[in-house]
Amino acid sequence: MTGEAFALTYNFSCEELKALAKIARENQDKIPKILYNFSRSVQNKVYACMSIDEVEKTFKNESNA
């Protein structure tokens with residue numbers, strides 16, 4: 001199956017996406033480059049689930065940690 005595309009159908013809740021994005025951000029230096037597109041897709045979907053205020057608060061909290 002090397003090199004072949006694999007489709008996974010799963011409907012993530014906004015809370016699940018936020019949790020995945022948080023894990024990805026906290027461990028971005030450990031995420032293999034091969035998962036970059038997946039990570040970006042999760043991040044983009046999270047932005048769609050959050051208000052601008054929520055995004056700003058999330059990033060502000062991360063930068064203050």
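In what follows, every heavy atom counts, from backbone to side chain, and hydrogens, waters and symmetry copies are set aside.
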Could you pull out all residues at least two apart from I23 that satisfy side chain to side chain contact (heavy atoms under 4.5 Å, CB included)?
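Testing I23 for side chain to side chain contact (heavy atoms under 4.5 Å, CB included), a comparison that skips the adjacent residues, returns N27.
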Going by the rule side chain to side chain contact (heavy atoms under 4.5 Å, CB included), which residues pair with Q28 if we only count those two or more places apart in sequence or in a different chain?
none
Before we go on, tell me: are the rings of F38 and Y36 under 6.0 Å apart, centre to centre?
no
Looking only at heavy atoms, which two atoms of V42 and L20 are closest? And how far apart?
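Taking every non-hydrogen atom into account, CG1-CB, 3.9 Å.
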Give the minimum heavy-atom separation between V46 and A21, together with the two atoms involved.
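Closest heavy-atom pair between V46 and A21: CG2-CB, 3.6 Å.
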Please report the C-alpha distance between E16 and Y10 in whole Å, then the side-chain angles of each, then the deciding distance to 0.1 Å, and finally whether the side-chain contact (heavy atoms from CB on, under 4.5 Å) criterion is met.
CA-CA 11 Å; E16 288 171 324; Y10 181 85; 2.8 Å; yes
Under a 4.5 Å side-chain heavy-atom rule over Ile, Leu, Val, Met, Phe, Trp and Tyr, are I34 and I31 clustered together?
yes
Tell me whether K45 at atom NZ has more than 12 heavy atoms from other residues, nucleotides or ligands lying less than 6.0 Å away.
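At most 12 heavy atoms, drawn from other residues, nucleotides or ligands, come within 6.0 Å of this atom.
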Does any N or O in the side chain of S39 come within less than 3.5 Å of the main-chain N or O of L35, such that one atom is a donor and the other an acceptor?
no
